[in-house]
Amino acid sequence: MPTLVMDTNLSLPNKRSGKVRDLYDVTMPNGDEALLIIATDRISAFDVVMANGLPGKGVVLTQISRFWFDHFGDEVPHHLISTDVADIPGLSDDERRELAGRVTLCRKTEVLPVECIARGYLAGSGWKDYQRSGSVCGIELPKSLDNGDRLEEPIFTPSTKADTGHDENISFEEGAAIVGNDTMRWLGDTTLSLYSRAREHALERGIILADTKFEFGTVDGADAPLLIDEIFTPDSSRFWPLDEWAPGGEQPSFDKQYVRNYLETVVAAGGWDKTPPGPELPAQVLEDTMARYLEAYERLTGHALDLG
């Protein structure tokens, strides 16, 4: 059974905690400043952290991201320095053992306030937008599409990066007003290129990569923004089994949608109203969710992940 890491308390400066990750500042032996991201086992849904976590979840997400960063190699500028705890100064031996597999040491960036989303299938907030207007983020789509349908061409649908509450879908023009037209065009081109290449890789392994989201950040002196945060994980993407895909409703998934679907039953029964604190997830939901995460990792990478 993997270790459950719900919170960290390291003797490193400037701890910040998001919904599922803890961040610290790190000074490298050569004097460079870096950022340490720790993927905990906290689970969030509907922007609320659940009462209990999923042991090993942070390890799976970190190792999937590492696979994709390695897969794209030097073709796309990114923030990753290392995922090896041995490369992080200032940790005790016990902390290194506890955090093994779940750390990302990376370059510090100024995060761009636009979240970059690529959609190759109609689902989630995109499906809701389409039902209201026949378009997604101002992009008009063919009539008579159904929930889960494949789009003829992937689309770039940015959103605002919200500190609290739900992010809001915006048009390309609204994004350009925030970061500039040239930067926005680069973000759109890069997002669609990454998505298209990853989608083909996943399809060859029996997985539909329905949509995904990226974050980018800038560094002084860099020629282009850097790809940051996690990439192509079950928390940042919709993964569907190819052999079970059937447009017309919610798809079976390898991602966090399984947890959301369970929680919708709790909401419908009057057991929760989607506000903090989040409820405790049953053991079976945790077990089934981890099985999906691990299967996604094995299919995508070709290797099983040993969580110990």
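The basis for the numbers below is simple: all heavy atoms, side chains too, and nothing from hydrogens, waters or symmetry mates.
Counting heavy atoms from C-beta on, the side chains of D22 and I37 never come closer than 4.5 Å. At a threshold of 4.5 Å between non-hydrogen side-chain atoms, the residues E95 and V103 do not count as touching. Taking the side chain as every heavy atom from C-beta outward, D255 and R292 never approach each other to under 4.5 Å. You'll find the side chain of L226 reaches within 4.5 Å of the side chain of V219, heavy atoms only. Between E244 and Q251 the shortest side-chain heavy-atom distance does not fall below 4.5 Å. For the pair I207/L203, no side-chain contact is recorded, criterion being any heavy-atom separation below 4.5 Å from C-beta on. Within the 4.5 Å cutoff, side-chain heavy atoms of I38 are placed close to those of L10. The shortest distance between side-chain heavy atoms of T275 and V48 does not fall below 4.5 Å.
Judged by the 6.0 Å distance and 45° axis criteria, R238 is not positioned over the aromatic ring of Y121. Geometrically, K274 engages F46 in a cation-pi contact defined by less than 6.0 Å to the ring centre and at most 45° from the axis.
For the residue pair R102/T62, the side-chain donor-acceptor check at 3.5 Å is not satisfied. Side chains of S193 and T190: a donor-acceptor N/O pair is absent below 3.5 angstrom, by distance only. Side chains of Q131 and W127: a donor-acceptor N/O pair is present below 3.5 angstrom, by distance only. Using a 3.5 Å distance cut-off with no hydrogens or angles, the side chains of Y24 and T8 do pair a donor with an acceptor.
Here the rule is side chain to side chain contact (heavy atoms under 4.5 Å, CB included) with P158, and of E168, M184, E115, E174 only M184 fits it. Each of L61, V60, I43, I64 was checked for a side chain to side chain contact (heavy atoms under 4.5 Å, CB included) with D235, and the lone residue meeting it is L61.
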Show me the donor-acceptor pairs within less than 3.5 Å that the side chains of residues 136-156 make with the rest of the protein, sequence neighbours left out.
unit_1 : atom_1 : unit_2 : atom_2 : d
D149   : OD2    : D146   : N      : 2.6

Can you give each donor-acceptor pair under 3.5 Å made by side-chain atoms of residues 83-90, sequence neighbours left out, with the distance rounded to 0.1 Å?
unit_1 : atom_1 : unit_2 : atom_2 : d
D84    : OD1    : A86    : N      : 2.9
D87    : OD2    : S82    : OG     : 2.6

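Sparse packing is recorded around CZ of R185, with 12 or fewer heavy atoms of other residues, nucleotides or ligands lying under 6.0 Å away. Crowding of R66 atom CZ: a count of heavy atoms from other residues, nucleotides or ligands under 6.0 Å not exceeding 12.
Hydrophobic clustering (ILVMFWY, side-chain heavy atoms < 4.5 Å, transitive): I231 and L80 are in one cluster. A single hydrophobic cluster is seen to contain both V179 and V76, as judged by linkage of ILVMFWY side chains at heavy-atom distances under 4.5 Å, directly or through other members. Grouping the Ile, Leu, Val, Met, Phe, Trp and Tyr side chains by contacts below 4.5 angstrom, directly or via other members, places Y297 with L286. Connection of L36 to L227 is not established within any shared hydrophobic cluster, with ILVMFWY side chains joined at heavy-atom distances below 4.5 Å, either directly or through further cluster members. Under the 4.5 Å side-chain contact rule for hydrophobic residues, Y195 and F69 share a cluster.
Between R199 atom CZ and E204 atom CD the span is 12.0 Å, to the nearest 0.5 Å. The CD1 atom of I170 sits 10.0 Å away from atom CD of E173, with the distance rounded to the nearest 0.5 Å. With rounding to the nearest 0.5 Å, the separation of CG in D211 from CD1 in I208 is 11.5 Å. Interatomic distance, T40 OG1 to K19 NZ, rounded to the nearest 0.5 Å: 12.0 Å. Atom CZ in R197 sits 6.5 Å away from atom CG in L194 (nearest 0.5 Å).
Between R132 and D129 there is a salt bridge, since a side-chain N of the basic residue sits under 4.0 Å from a carboxylate O of the acidic one.
Here the closest non-hydrogen pair linking L187 and C116 is CB-SG, 3.9 Å. P113 approaches I178 most closely through the heavy-atom pair CG-CG2, 3.6 Å. In terms of heavy-atom proximity, D41 sits nearest to P55 at OD2-CA, 3.7 Å. Contact between M6 and N52 at its shortest, heavy atoms only, is CE-C, 3.9 Å. The two residues S125 and R119 come nearest to each other via the heavy atoms OG-NH2, 3.1 Å. Of all non-hydrogen atoms in S237 and T212, the two that sit nearest each other are OG-OG1, 2.7 Å.
No side-chain donor-acceptor contact under 3.5 Å links S44 to the backbone of D47. When atom types are taken as modelled, the side chain of D229 and the backbone of E215 share no donor-acceptor pair closer than 3.5 angstrom. Not a single donor-acceptor pair under 3.5 Å links the side chain of R21 to the backbone N or O of R42. Put simply, the side chain of S236 gets close to the backbone of T233: a donor and an acceptor are under 3.5 Å apart. Side chain of K213 to main chain of S159: no donor-acceptor pair is present (N/O by atom type, distance under 3.5 Å, no hydrogens or angles).
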### Message
Does L305 form a side-chain contact (heavy atoms from CB on, under 4.5 Å) with L294? I'd like the steps, not just the answer.
### Response
CA-CA 7 Å; L305 183 63; L294 288 171; 4.2 Å; yes
### Task
Apply the test side-chain contact (heavy atoms from CB on, under 4.5 Å) to residues F239 and L209: give CA-CA distance (whole Å), side-chain angles for both, the deciding distance (0.1 Å), then the verdict.
CA-CA 5 Å; F239 290 136; L209 176 57; 3.3 Å; yes
### Task
Using the side-chain contact (heavy atoms from CB on, under 4.5 Å) rule, take L35 and T109 through it: C-alpha gap first, then chi angles, then the decisive distance, then the call.
CA-CA 9 Å; L35 178 68; T109 68; over 6 Å; no
### Task
I would like to know whether T27 and E33 meet side-chain contact (heavy atoms from CB on, under 4.5 Å); could you show each step before the answer?
CA-CA 5 Å; T27 301; E33 295 298 317; 3.0 Å; yes
### CA sep, side-chain torsions, deciding dist, call: D220, K108, salt bridge (Lys or Arg N to Asp or Glu O under 4.0 Å)
CA-CA 10 Å; D220 288 341; K108 278 189 173 181; over 6 Å; no
### Task
Decide yes or no on salt bridge (Lys or Arg N to Asp or Glu O under 4.0 Å) for E295 and R299, but give the supporting numbers first.
CA-CA 6 Å; E295 184 178 351; R299 286 204 195 189; 2.8 Å; yes
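Applying the ring pair (Phe, Tyr, Trp, His ring centres under 6.0 Å) test to every pair with at least one member in residues 198-222, sequence neighbours left out, gives these pairs: F67-H201, W68-H201, H71-H201, W186-F216, F214-F232.
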